[in-house]
Amino acid sequence: MKPHHIREVLLTAEQIQNRVDALVGEMADGCRGTDCVMIGILRGSFIFLADLVRELYRHEVHPRIDFMTLESYGGGTESSGVVRVAKDVGLNLAGTAVLVVDDILDTGRTLSFARQHLLTLGARTVRTCALLDKPARRVVPFQADYVGFTIADRFVVGYGLDYDGRYRELPHIACVTFPGKAQET
Ligand code: IMP
Ligand code: MG
């Protein structure tokens, strides 16, 4: 791991919670009356998904829940561009309305791969949800159905997001800065 700082809070826990509640307000109606399956992409989505489903419960929506592990090779702050399924979904998705949840939409490769893969597994519909969206970084054209916050091109951690496997446990979202680089002022 390169020397770095985790000082600058981009989104507080309270801001995140308020936005999660509002997002669930948008998605709840679409889940009602369908065989809805929520699929979290591991590992970054685990906290976001946990908060989404507990808020969905308050809207009397009771989806089935599963996870898949997708990996784009390489650690650090750059992904390689090749997405692979490290652990697949266990539920039978035939005829289901899937809502796939990820922590952040960056190049777009992970969520566009996930959507295609889940359709191949038999999902009737696949909607996508990302807590964060960095449109400036897009390589594959992709728009999520639900986005929590659109952010600038900064590397962020917390609320499930990691830098080299760490800082997922932060209750807020913080920027990672590298001493000597332009963003460190
Ligand atoms: P994409 O496939 O490039 O859209 O990126 C998706 C994955 O890259 C996410 O699920 C994250 O694991 C990772 N990622 C992208 N940007 C960040 C960031 O700022 N912080 C932490 N992880 C990130
Ligand atoms: Mg990650």
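In this chain, residues are counted from 1 in sequence order. Each ligand, and each atom within it, is numbered from 1 in the order the structure gives.
Between Leu105 and ligand 1, not a single N/O pair is under 3.5 Å apart. The shortest N or O to N or O distance between Val156 and ligand 1 is below 3.5 Å.
Ion pair Arg19/Glu26 flagged as a salt bridge, since at least one NZ, NE, NH1 or NH2 atom sits closer than 4.0 Å to an Asp/Glu carboxylate oxygen. By the 4.0 Å N-to-carboxylate-O rule, Asp133 lies close enough to Arg138 to be salt-bridged with it. Salt bridge Arg64/Asp35: present, at least one basic N to carboxylate O contact under 4.0 Å. Between Arg32 and Glu60 there is no salt bridge, since none of the side-chain N atoms of the basic residue sits less than 4.0 Å from a carboxylate O of the acidic one.
Close contacts of ligand 1 with Lys134, meaning ligand atoms under 4.0 Å from a residue heavy atom, involve 16 (N), 17 (C), 18 (C), 19 (O). Atoms of ligand 1 found under 4.0 Å from any heavy atom of Arg109, numbered from 1 in the order shown, are 2 (O), 4 (O). Ligand 1 places these atoms under 4.0 Å from at least one heavy atom of Thr107: 1 (P), 2 (O), 3 (O), 4 (O). Every atom of ligand 1 is numbered from 1 in the order shown, and the set under 4.0 Å from a heavy atom of Arg154 is 19 (O).
In Asp102, the part holding a heavy atom less than 4.0 Å from any atom of ligand 1 is the side chain. Heavy atoms of Asp106 found under 4.0 angstrom from ligand 1 belong to the backbone as well as the side chain. When heavy-atom distances to ligand 1 are checked against a 4.0 Å cut-off, Val139 has no atom that comes that close, whether in backbone or side chain.
Ligand 1 lies within reach of Leu161, whose nearest heavy atom is under 4.0 Å from it. Residue-ligand proximity: Gly44 is placed with every non-hydrogen atom at 4.0 Å or more from ligand 1.
With sequence neighbours left out, Arg127 forms a side-chain hydrogen bond (donor to acceptor under 3.5 Å, both in side chains) with Tyr146.
The stretch residues 112-125 participates, sequence neighbours left out, in these side-chain hydrogen bond (donor to acceptor under 3.5 Å, both in side chains) pairs: Asp88-His117.
Note: His4 and Phe178 have tilted aromatic rings, judged against thresholds of 30 and 60 degrees for the angle between ring planes. Taking the six-membered ring for Trp and thresholds of 30 and 60 degrees, Tyr159 and Phe48 have ring planes inclined between 30 and 60 degrees apart.
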